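Here is the structure we will look at.
All figures in this text were calculated on a predicted structure; none of them were measured in a lab.
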Amino acid sequence: MYDPIQEFIEDYGELKKFLITNNQISLENTFGHHMRKVMLLSCASYFETEIQNILISFVEQNSSDERVLSFLKHKAIARQYHTYFTWDGNNVNSFLAMFGNEFKEKVKKEIDADPEIKTEMKAFLEIGNERNKMVHENFLLYKLDKTFDEITDLYEHADHFISFLKKQFGTVD
């Protein structure tokens with residue numbers, strides 16, 4: 001399956017290698033500084049689309065009424081993603097609660113029982129939280145303390161959490 005973030009990671013690696021090979025260390029530092037921010041925003045944007053797709057698939061599977069899907073796409077899904085989660089929190093309970101207490105408790109128990117899923121969830125929240133801080137402060141002057149590799153690691157963990165959510169909503173690819 002095509003992964004645009006993985007393609008971005010590979011392109012970054014090739015460009016970094018080219019700059020280093022051609023002894024453009026200063027340019028490579030500047031390039032790396034900006035690409036870390038682009039990587040973080042790319043991951044956050046990718047996850048926003050993934051969550052929206054999960055919700056749309058979930059509604060399509062559970063309602064045959066096009067009016068329901070259309071209404072939810074326009075009023076509950078479009079441009080609402082950042083309201084779903086408490087980004088600076090330690091869990092996704094606010095999001096899960098939107099689907100009823102029973103669902104929230106079931107998924108919460110699974111997360112709490114599996115340290116790996118909990119780590120993946122925290123990586124997902126960290127990407128969203130860092131994205132919010134970066135875009136609501138001065139983007140160019142924002143000090144992102146993570147390396148490109150650390151952001152890549154967060155992405156890989158968070159992507160596993162997205163797969164976990166797809167299973168919970170019955171919308172596995």
In short, Asn93 meets Lys108 closest at the heavy-atom pair ND2-CE, 3.6 Å
Is there side-chain contact between His82 and Arg131, with at least one heavy-atom pair below 4.5 Å? yes
Value for CD1 (Ile127) from OG (Ser45), rounded to nearest 0.5 Å, stands at 12.0 Å
Item to complete: Would you sort out whether Ile5 and Asp159 count as a side chain to side chain contact (heavy atoms under 4.5 Å, CB included), showing the intermediate values?
Response: CA-CA 10 Å; Ile5 300 295; Asp159 196 43; over 6 Å; no
Distance col, row Tyr81:OH vs Gln52:CD, nearest 0.5 angstrom, shows 8.5 Å
For this session: Ignoring hydrogens and angles, tell me if any N or O in the side chain of Ser94 forms a donor-acceptor pair with the backbone of Tyr84 under 3.5 Å.
Result: yes
If we ignore hydrogens and angles and just use 3.5 Å, is the side chain of His33 paired with the main-chain N or O of Asn29 as donor and acceptor? no
Scanning both residues in full, the closest heavy-atom pair of Phe31 with Lys16 reads CE2-N, 4.0 Å
Q) Does Asp65 offer a backbone N or O that forms a donor-acceptor pair with the side chain of Ser63 under 3.5 Å? A) yes
Tightest non-hydrogen contact, residues Met39 and Thr152, listed as CE-OG1, 3.6 Å
Practice problem: For the residue pair Ser57 and Phe169, establish whether any side-chain heavy-atom pair is separated by less than 4.5 Å. | Solution: no
Output yes when a side-chain donor or acceptor of Asn22 lies under 3.5 Å from a complementary backbone atom of Gln24, and no otherwise. no
Correct closest heavy-atom pair for Cys43 and Tyr155 would be SG-CB, 3.6 Å
Under 6.0 Å between ring centres: does that hold for Trp87 and Phe47? no
Legend entry - Whether Thr119 side chain and Pro115 backbone form a donor-acceptor pair below 3.5 Å: yes
Ion pair present between Asp114 and Lys118, side-chain N to carboxylate O less than 4.0 angstrom?
-> no
d(Asn53 CG, Ile51 CD1) to nearest 0.5 Å is 9.5 Å
Thr171 side chain vs Lys167 backbone, donor-acceptor pair below 3.5 Å: no
Margin query: Please determine whether the number of non-hydrogen atoms from other residues, nucleotides or ligands lying under 6.0 Å from atom CZ of Phe18 exceeds 12.
Written below: no
Closest heavy-atom pair, Ile54 versus Ile162, reported as atoms and distance to 0.1 Å, is CD1-O, 4.1 Å
Using a strict cut-off of less than 4.0 Å between a Lys/Arg side-chain nitrogen and an Asp/Glu carboxylate oxygen, indicate whether Lys106 and Glu110 qualify as a salt bridge. yes
> Are Lys73 and Ile56 close enough that some pair of their side-chain heavy atoms sits under 4.5 Å apart?
Replying inline: yes
Would you say Thr83's side chain and Gln80's backbone share a donor-acceptor pair under 3.5 angstrom? yes
Exercise for review: Using modelled atom types only, decide if a donor and an acceptor are shared between the side chain of Arg36 and the backbone of Ile151 within a distance under 3.5 Å.
Suggested key: no
Candidate pair Glu50 and Lys166, rule side chain to side chain contact (heavy atoms under 4.5 Å, CB included), full reasoning:
CA-CA 9 Å; Glu50 288 293 290; Lys166 286 178 181 179; 2.7 Å; yes
Over 12 foreign heavy atoms within 6.0 Å of NE2, His136
yes
Is there a side chain to side chain contact (heavy atoms under 4.5 Å, CB included) between Val135 and Tyr142 once you walk through the steps? CA-CA 9 Å; Val135 299; Tyr142 183 78; over 6 Å; no
Has Phe139 got more than 12 heavy atoms of other residues, nucleotides or ligands less than 6.0 Å from its CZ?
yes
Taken to the nearest 0.5 Å, the spacing of Lys37 NZ from Leu140 CG works out to 6.0 Å
Correct closest heavy-atom pair for Ala123 and His157 would be CB-CB, 3.6 Å
Quick one: do Lys133 and Glu130 make a salt bridge, cutoff under 4.0 Å? yes
- request: Spell out, as yes or no, whether a donor-acceptor pair under 3.5 Å connects the side chain of Gln168 to the backbone of Leu165.
  value: no
Problem set entry | Heavy-atom side-chain contact between Phe124 and Glu120 under 4.5 Å | no
So NZ of Lys122 and CG of Asn129: to nearest 0.5 Å the spacing works out to 13.0 Å
Just wondering, do Leu55 and Leu72 contact through their side chains at under 4.5 Å, heavy atoms? no
(request) Indicate yes or no for a side-chain donor-acceptor contact from Thr147 to the backbone of Glu150 under 3.5 Å, with no hydrogens or angles considered. (result) yes
Close side-chain approach of Asn91 to Ile111, heavy-atom, < 4.5 Å: no
Are Phe95 and Phe103 an aromatic pair, judged by ring center distance below 6.0 Å? no
request  = Find out whether Val59 and Phe71 are in side-chain contact, i.e. whether some heavy atom of one side chain is under 4.5 Å from a heavy atom of the other.
outcome  = no
Side chains of Val107 and Phe164: does their closest heavy-atom pair fall under 4.5 Å?
yes
Checking Ile20, Leu19, Leu15, Thr21 against Lys17 for side chain to side chain contact (heavy atoms under 4.5 Å, CB included), the one that qualifies is Thr21
dist Ile9:CD1 -> Ser42:OG (nearest 0.5 Å) comes out at 10.0 Å
